[in-house]
Protein chains: 2
Amino acid sequence: MSSAMPPFAMSSVDRGSIGDMLSDFFRTLETRDALGPTERDALVGAVSDVRVHPEGDTLIRAGQHAEHSTLLLDGMVARASYMAGGKRQFVAIHVPGDFVDLHSLLLRRLDHDVVALSDVRVALFPHAALRRISEEHAHLTRLLWLLTVIDAAIHREWTARLGHSAAVRMAKFLCELHARLDLIGGATPQGFPLPLTQAVMADIIGLTPVHMNRTLRNLRESGLAVVRDGLASIPDLAALRRFADFNPAYLYREPEPR
Amino acid sequence: MSSAMPPFAMSSVDRGSIGDMLSDFFRTLETRDALGPTERDALVGAVSDVRVHPEGDTLIRAGQHAEHSTLLLDGMVARASYMAGGKRQFVAIHVPGDFVDLHSLLLRRLDHDVVALSDVRVALFPHAALRRISEEHAHLTRLLWLLTVIDAAIHREWTARLGHSAAVRMAKFLCELHARLDLIGGATPQGFPLPLTQAVMADIIGLTPVHMNRTLRNLRESGLAVVRDGLASIPDLAALRRFADFNPAYLYREPEPR
DNA sequence: CGCCTTGTTGAAAACACTCAACTAGAGTGG
DNA sequence: CCACTCTAGTTGAGTGTTTTCAACAAGGCG
């Protein structure tokens with residue numbers, strides 16, 4: 001998984017195991033609505049490639065014409081917007097089971113980069129295959145559409161975070177990531193892995209690295225959360241959520257007919 | 001259009017004029033892809049009601065079960081998120097031709113309020129009718145899907161705005177609104193109507209009203225924009241865009257096959 | 001070992017917020 | 001007609017948060 005290693009294309013013998021690889025994705029979908037076996041097969045059949053990328057790789061560049069959408073299987077990726085002056089702001093962060101750029105099916109070119117925050121493994125869905133799904137599977141299409149509008153709901157929450165202090169913003173982020181990881185079994189009530197540098201977290205929250213450091217100390221000293229050594233420890237989740245005024249409703253984690 | 005007047009339900013004789021009322025909406029769609037006559041008819045046929053609301057009305061409340069989606073015909077509405085302490089943050093603002101809550105078709109209940117920033121007229125699309133479109137018109141469904149992902153792209157831009165000074169944030173907002181109004185013929189290179197109080201603009205940008213006032217004075221004195229009496233005057237649009245580092249690519253205003 | 005990245009802390013400056021006061025105009029009722 | 005009230009906008013002064021600039025410690029890795 002070194003930086004020099006080229007993206008690895010799936011061999012045909014792996015086809016049978018794609019369903020396993022998509023388990024987090026299926027869980028993400030079924031959290032929102034039931035998935036039929038035909039729909040499951042259609043999704044498995046739409047995967048063209050599985051690839052790995054090392055931490056730091058830019059998987060997709062803003063403005064590039066997109067021919068496929070990317071599902072995250074393992075690791076973390078972020079979507080990055082670069083401003084005049086080279087400053088970077090992350091506009092989204094993704095965990096396994098998330099479609100990173102399903103919206104590129106409609107947009108054709110993205111308004112942001114996609115970068116690997118850790119070593120990652122992704123599955124590629126060619127737009128031709130997704131368009132076929134949109135022609136033949138109306139309900140599944142609505143489920144995919146749903147994923148993009150939940151993505152937008154998370155964007156809204158990030159926008160609304162703007163009005164709060166650094167500590168509350170960071171607490172909100174920890175609560176959100178905890179809830180999203182919990183959905184795929186990646187968190188316990190006591191915490192979750194968070195293999196990000198303070199500089200990266202600063203670009204997520206919209207702070208300078210220096211102030212992110214002070215904010216983390218602040219959270220640590222108030223006993224709300226300890227972020228250290230690639231781990232977020234949460235002594236009292238309810239207390240953290242109270243402090244962050246966190247309401248997970250915007251993640252739409254309940255099944256409804258769509 | 002008084003506050004006491006109940007929402008006005010369309011009489012059947014108005015049916016023929018719905019196509020006219022949707023002209024801004026059709027323009028919004030056709031900016032992104034060609035629309036067939038069958039698709040146009042399907043959209044016209046999906047409208048159940050036309051209603052008016054006075055300024056200040058809350059059209060939709062967060063958490064309410066939604067039975068229809070709302071298209072803005074005239075006026076301006078915003079989507080509002082309320083925080084602990086009663087502080088309000090707008091997470092989106094809409095101009096005629098925008099679907100305000102197309103995403104409620106998938107989400108079923110919204111994570112934000114929708115409030116009228118002026119007297120408004122809206123068209124209602126029952127979810128049953130939209131779901132029928134999603135079963136029978138795959139291409140039109142992708143166009144509607146596209147509208148929601150452009151909405152998300154605007155959310156991302158608002159999130160990325162976070163890292164800038166108050167003056168740049170406001171300048172970015174003015175550039176965006178200018179570009180969006182221009183699409184439906186609602187702006188000239190010299191400016192556009194902006195019937196919002198400074199308090200409302202403060203809730204959009206994420207500032208206190210006092211600081212919004214100073215920021216507007218700042219923009220005025222640097223000759224970049226004069227916001228006054230419900231009007232945004234822009235002496236030199238290119239200069240404002242340079243100052244704001246504004247790139248309208250995220251609005252996806254070019255037609256592409258979808 | 002030297003070099004790089006990451007994390008940490010201090011001090012000063014910049015930015016935005018709060019509190020407070022005051023103006024101007026629209027609308028109301030005596 | 002005028003006083004009253006309300007909202008919107010404006011300005012000043014003081015406070016608090018976040019940034020900037022700078023320096024340094026700890027650890028990984030060539």
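Below, chain A is the first sequence line, B the second, and so on; all start at residue 1. What you see below is based on every heavy atom in this structure, not just the backbone, and it leaves out hydrogens, waters and symmetry mates.
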Check: Can you say whether the rings of A:Trp158 and A:Phe173 are parallel (under 30°), tilted (30 to 60°) or perpendicular (over 60°)?
Finding: perpendicular
Margin query: Tell me the closest heavy-atom pair linking A:Ala62 and A:Asp113, and the distance in Å.
Written below: N-OD1, 2.8 Å
Notebook entry, point to check: Taking 4.0 angstrom as the limit, do B:Glu176 and B:Lys172 come out as a salt bridge?
Noted result: no
Notebook entry, point to check: Who are the salt bridge (Lys or Arg N to Asp or Glu O under 4.0 Å) partners of A:Arg220, not counting sequence neighbours?
Noted result: none
Next item on the list: Nearest-nucleotide wise, let me know which of A:Ser165 and B:Arg220 is further upstream toward the 5' end of DNA chain D.
Entry: B:Arg220
Next item on the list: Report the distance from atom NE2 of B:His178 to atom CG of B:Leu183, rounding to the nearest 0.5 Å.
Entry: 11.5 Å
Checklist line | Atom-pair distance (CG on B:Asp229; P on C:dA26), nearest Å | finding: 11 Å
Next item on the list: Output yes when B:Asp203 and B:Lys87 qualify as a salt bridge under the 4.0 Å nitrogen-oxygen rule, no when they do not.
Entry: no
Next item on the list: Tell me which residues in residues 200-217 of chain A put a heavy atom below 4.0 Å from DNA chain D, sorted by number, or none.
Entry: A:Gly206, A:Leu207, A:Thr208, A:Val210, A:His211, A:Arg214
Item checked: Whole-Å gap separating P (D:dT18) and CG (A:Leu162) -> 12 Å
Notebook entry, point to check: Any side-chain N or O of B:Gln198 under 4.0 Å from OP1/OP2 of D:dT7?
Noted result: no
Margin query: Rounded to whole Å, please give me the gap between CG in B:Asn218 and P in C:dC15.
Written below: 10 Å
Notebook entry, point to check: D:dA8 C1' sits how many Å from B:Leu231 CG, rounded?
Noted result: 17 Å
